[in-house]
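In what follows, a structure is listed as structure tokens, so that the remarks can point back to it.
In what follows, every chain begins at residue 1, and chains take the letters A, B, ... in the order their sequences are listed. Computed from a predicted structure; not experimentally measured.
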Amino acid sequence: MTPRRILVTSALPYANGPIHLGHLVEYLQTDIWVRFQKLRGNQCIYVCADDTHGTAIMISAKKAGVKEEEFIAKMSEEHQRDFAGFGIEFDNYGSTHSEENRVLCHEVWAALLEAGLIKEKDVTQLFDPVAGTFLADRFVKGTCPNCKSPNQYGDNCDKCNATYSPTDLIDPVSALSGATPELRTATHLFVELEQLREFLIEWTQSGEHLQPEVANYLKGHFLSNPLRDWDISRPGPYFGFEIPGYPDHYWYVWFDAPIGYMASTQQWCDRHGEEFDTWWRDPETEIHHFIGKDITYFHTLFWPGMLKSAGFNLPTKVHIHGFLTVAGEKMSKSKGTFIKAETYLKHLDPAYLRYYYASKLGPRLDDLDLNFEEFQNKVNADLVGKVINIASRCAKLVHKTGLSATYPEDGGLFAAGAKLGEEIAAAYENCDFAKATRLIMELADAANLYVDTQTPWKLAKDPDQAQQLQDVCTVTLNLFRQIVVYLAPVLPRLAQRTRELLHAPLASWNESQTPQAGTPVAEFKHLMKRIDPKDILAMIDDSKEPEAKALEAGDKTATAAAHHPADSAEPLLAEPLAPECSIDDFAKVDLRVARVLAAVEVPDARKLLKLTLSLGGEETRTVFAGIKAAYQPERLVGRLVIMVANLAPRQMKFGLSEGMVTAAGAGGTEVFLLSPDEGARPGHRVH
RNA sequence: GGGACCGUAGCUCAAUGGUUAGAGCAGGGGACUCAUAAUCCCUUGGUUGCAGGUUCGAGUCCUGCCGGUCCUACCA
């Protein structure tokens, strides 16, 4: 079979934050797949790059007080260090802020113009005169035009769920500078995707390039109606590439990011004397993108559209995976489950995570849960207890003699393992690593059973049985070697150590098909350590934010830490101070202490709890509060809260709300109700 | 509000429409003692989310509910 030529990419990590365990699902999945392809003898290169453009980078660089170029250079260095730490081996790691990328952006752009896909439209947006930049929706806050709730984001209100344009906000404030934004109109450039509709339907629905659920999703979600024009330009100032012929207009980050795949390939080609066109214009070449489900539509509609229009190869397959949850929930900084790659590596062997993810990754888009108990059990039981144990039981017994000169009779065990190889390979190819590892563990079980029935430890006591002992160990170590070949894409370091132990090349999948004999066996050293649960706990503790740690230390001791807490600046940055107001303004708001008499869930409401509040005596109020995600109703009953007692009643979908309870926090599960100190009684006014 | 996906043992997952729904881990019992408290054997555990339908036959296909995840929102 002639080797395939395969180009593989992972999504470009945004140069705005560190790599964490969520990112690693994708990079490990891709790395395993690439290593598998290489092991099979295919020509395969894995390219990636940092995604460096856009408003968020500008803001972060500003906050850090450095130039964008400096900021992204440091980030790229950290990313590459973390990836290397996990054994993720890129053939080239570039940056979207590279000359190669700029040149390719120009080329694609020219092709889109040529194809008549570009059109201009005026867009009116809020502009921050202090920061000197246009404001994306999430950078504008103000009062909801519908329900008058303050501090709502630019495009929708999480109090009343209304949607609107940021220009409709009452008293809008820039989240960047706190300034009042003004309306400005600028020309934007759009790609008329609708022109590519026929092609996109054919490409997405052919059944070859996408997982079936993704094809369905696109069909139901986008392709059944006219495709909206895609806004691919941003007026300056913007960190990115300027668009030729449009001074002070820049390509939107999602335009140049996927072109970064090509730019990174270009760099690889330059270093290896290869032709770029071999990889992006030769239809014999396969292109495989690995991405998360959140960026599906960029990679399955815009990107193929751009490639098609510019005459490049289309992706052979887009492999889409789900998200990582930790202990069944989204990663959380306060719970210590937002674990950075760097933190993990300080405490644990990367092989553990490579194997654990592999054992749970299927070909579909299901989310993957990291459960620490399972993580420990699985790694210790499968890798150390089953796989490593095979070598550990026999290697010492043949260190002096080496393997038998010819491979002995083994009852067909090795041949059966060799035969299973095709099934394992098919599972890898199909990204069903869970199946691959399951099959491999069957082989490990068979090998351990073989050792049990052959009792080499008994043979070792009888000098007359020396040949028999050597033969049993030769079989066992060959079964081990076969398993290590199959696991090599997942566990390259184990392969490396086994290479030294058995003097086996372990460079090709084919080695799983023929046994090895007559070779020396090195002194046995532990190939992998068991996971110590203490290390997991230390890693979690290390991942907690300082405030959360102080809280956990307990009420009595927390005060000591709380005197000088290392409070992060993040909350204030997320929501800058409101414009100054007078004491009279404040006096208009009548805040009262109230007791929660009843709290019930509202059927059908996603965020609301219905509260009955007492202001003392017979005076009660019904309030709908958006705190369902943060509080269990039964735990609220009886407690005191601070309510806005003179707020105009508001008719909501589920009934009349006669006030508002006060709470701090970002929303969602991050909601913290205010309550008075001991002694306050319902009806007391807050001054 | 719309859409996509998911729901199988305590947990993680299998099962081309075809025997009595299977593995691993965890739990219980035993064996072994070479091996990193590893391994091997036996074993407990299920109304396949619920209700209908199609079929000789449904975990699997269809419809409707319920629950979860994600994507989107004067769109789909």
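Counting to the nearest Å, the C1' atom of C40(B) and the CD1 atom of Ile390(A) are 13 Å from each other. Rounded to an integer number of Å, the gap from Ile531(A) CD1 to C25(B) P is 16 Å. The CZ-P distance, from Phe323(A) to C70(B), rounds to 8 Å in whole Å. Put simply, CD on Gln454(A) is 15 Å from C1' on U39(B), counting in whole angstrom units. When rounded to the nearest whole Å, the span between CG of Asp294(A) and C1' of C71(B) equals 10 Å. Between Ile388(A) atom CD1 and U39(B) atom P the separation is 13 Å, expressed in whole Å. Rounded to whole Å, atom P of C11(B) lies 17 Å from atom CG of Leu368(A). Nucleotide C6(B) holds its C1' atom 15 Å from the NZ atom of Lys360(A), rounded to whole Å.
When distances are taken from the side chain of Val384(A) to each of G24(B), C6(B), U36(B), the shortest belongs to U36(B). In the set U36(B), C5(B), C70(B), the nucleotide with an atom closest to the side chain of Asn216(A) is C5(B). Which of C75(B), U39(B), U69(B) sits closest to the side chain of Lys386(A) comes down to U39(B). Residue Glu374(A) places its side chain closer to U12(B) than to any other of C25(B), U12(B), A14(B). The nucleotide whose nearest atom lies closest to any side-chain atom of Lys378(A) is, among U12(B), U69(B), A38(B), U12(B).
Tyr297(A) contributes atom OH, which lies 9.5 Å from atom CG of Leu193(A) (distance to the nearest 0.5 angstrom).
Ring centers of Phe338(A) and His20(A): under 6.0 Å apart, within the cut-off. For Tyr27(A) and Phe290(A), the gap between ring centers reaches or exceeds 6.0 Å. Under the 6.0 Å cut-off for aromatic ring centres, Phe190(A) and Trp230(A) do not qualify, their centroids lying 6.0 Å or more apart. Proximity of the aromatic rings of His319(A) and His289(A) is defined here by a centroid distance below 6.0 angstrom, and this criterion is not met.
C41(B) and C56(B): their P atoms are spaced 44 Å apart (whole Å). With P as the reference atom, C32(B) and A23(B) are 26 Å apart, rounded to whole Å. Between G30(B) and G22(B), the two C1' atoms lie 24 Å apart (nearest whole Å). Spacing between U36(B) and G46(B) at atom C1', rounded to whole Å, works out to 36 Å. For the P atom pair drawn from A31(B) and A58(B), the interatomic distance equals 45 Å after rounding to whole Å. Taking atom C1' on both nucleotides, U47(B) is separated from U43(B) by 23 Å, rounded to a whole Å. Spacing of C1' atoms, U48(B) relative to A14(B), comes out at 13 Å, to the nearest Å. One P atom belongs to G27(B), the other to G18(B), and the distance between them is 35 Å to the nearest Å.
Interface residues of residues 416-433 of chain A facing RNA chain B, ordered by number: none; criterion, heavy-atom separation under 4.0 Å.
Tyr297(A) comes within 4.0 angstrom of no nucleic acid atom, judged by non-hydrogen atoms across all strands. Across all strands shown, Met528(A) has heavy atoms under 4.0 Å from base atoms, whether or not it also approaches the sugar-phosphate. Within the nucleic acid shown, Lys219(A) has no heavy atom closer than 4.0 Å to any nucleic acid atom. Residue Leu218(A) is out of contact with every strand shown, counting any heavy-atom pair closer than 4.0 Å. Among the atoms of the strands shown, only primed sugar atoms or phosphate atoms (P, OP1, OP2) are found under 4.0 Å from some heavy atom of Asp445(A). As judged by a 4.0 angstrom heavy-atom cut-off over every strand, Arg364(A) is placed among residues touching the sugar-phosphate backbone only. At a threshold of 4.0 angstrom between heavy atoms, the contacts of Leu439(A) with the nucleic acid are absent.
Both Leu449(A) and Ser359(A) lie close to RNA chain B; mapped to their nearest nucleotides by heavy-atom distance, the more 5′-ward contact belongs to Ser359(A). Place Val214(A) and Lys529(A) on RNA chain B by their nearest nucleotides, and Val214(A) ends up nearer the 5' end.
No option in Gln496(A), Arg497(A), His503(A) other than Gln496(A) meets the side chain to side chain donor-acceptor pair (under 3.5 Å) test with Glu500(A). The ring pair (Phe, Tyr, Trp, His ring centres under 6.0 Å) test with Trp254(A) singles out one residue from Tyr14(A), Phe298(A), Phe302(A), and that residue is Phe298(A).
The strand RNA chain B forms stems, runs of 3 or more Watson-Crick or G-U wobble pairs with distances below 3.5 Å, at B:1-7 with B:66-72, B:10-13 with B:22-25, B:27-31 with B:39-43, B:49-53 with B:61-65.
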key: Summary of protein contacts for nucleotides 28-35 of chain B, nucleotide by nucleotide, where a base hit scores B, a sugar-phosphate-only hit scores S (4.0 Å, heavy atoms)   = ----SSBB
Enumerate, atom names and distances included, each donor-acceptor pair closer than 3.5 Å involving a side-chain atom of residues 390-398 of chain A, sequence neighbours excluded.
| from | atom 1 | to | atom 2 | distance (Å) |
| --- | --- | --- | --- | --- |
| Arg393(A) | NH1 | Asn448(A) | O | 3.4 |
| Arg393(A) | NH1 | Asn448(A) | OD1 | 3.0 |
| Arg393(A) | NH1 | Asp452(A) | OD1 | 3.3 |
| Arg393(A) | NH2 | Asp452(A) | OD1 | 2.7 |

Side-chain donor-acceptor distances from residues 520-534 of chain A under 3.5 Å, at least two apart:
| from | atom 1 | to | atom 2 | distance (Å) |
| --- | --- | --- | --- | --- |
| Asp532(A) | OD1 | Lys534(A) | N | 3.0 |

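Between the side chains of His321(A) and Glu26(A), at least one donor-acceptor pair of N or O atoms lies under 3.5 Å. A donor atom on one side chain and an acceptor atom on the other are not found under 3.5 Å apart for Gln376(A) and Tyr352(A).
Every pair passing ring-ring contact (aromatic ring centres under 6.0 Å, His included) that includes a residue from residues 480-500 of chain A is listed here, sequence neighbours excluded: Tyr486(A)-Trp509(A).
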task = Could you please spell out the steps behind the side chain to side chain contact (heavy atoms under 4.5 Å, CB included) verdict for Gln211(A) and Leu365(A)?
result = CA-CA 9 Å; Gln211(A) 288 132 299; Leu365(A) 284 75; 3.7 Å; yes
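A donor-acceptor pair is defined here as one N or O able to donate and one able to accept, closer than 3.5 Å; no such pair exists between the side chain of Glu208(A) and the backbone of Lys317(A).
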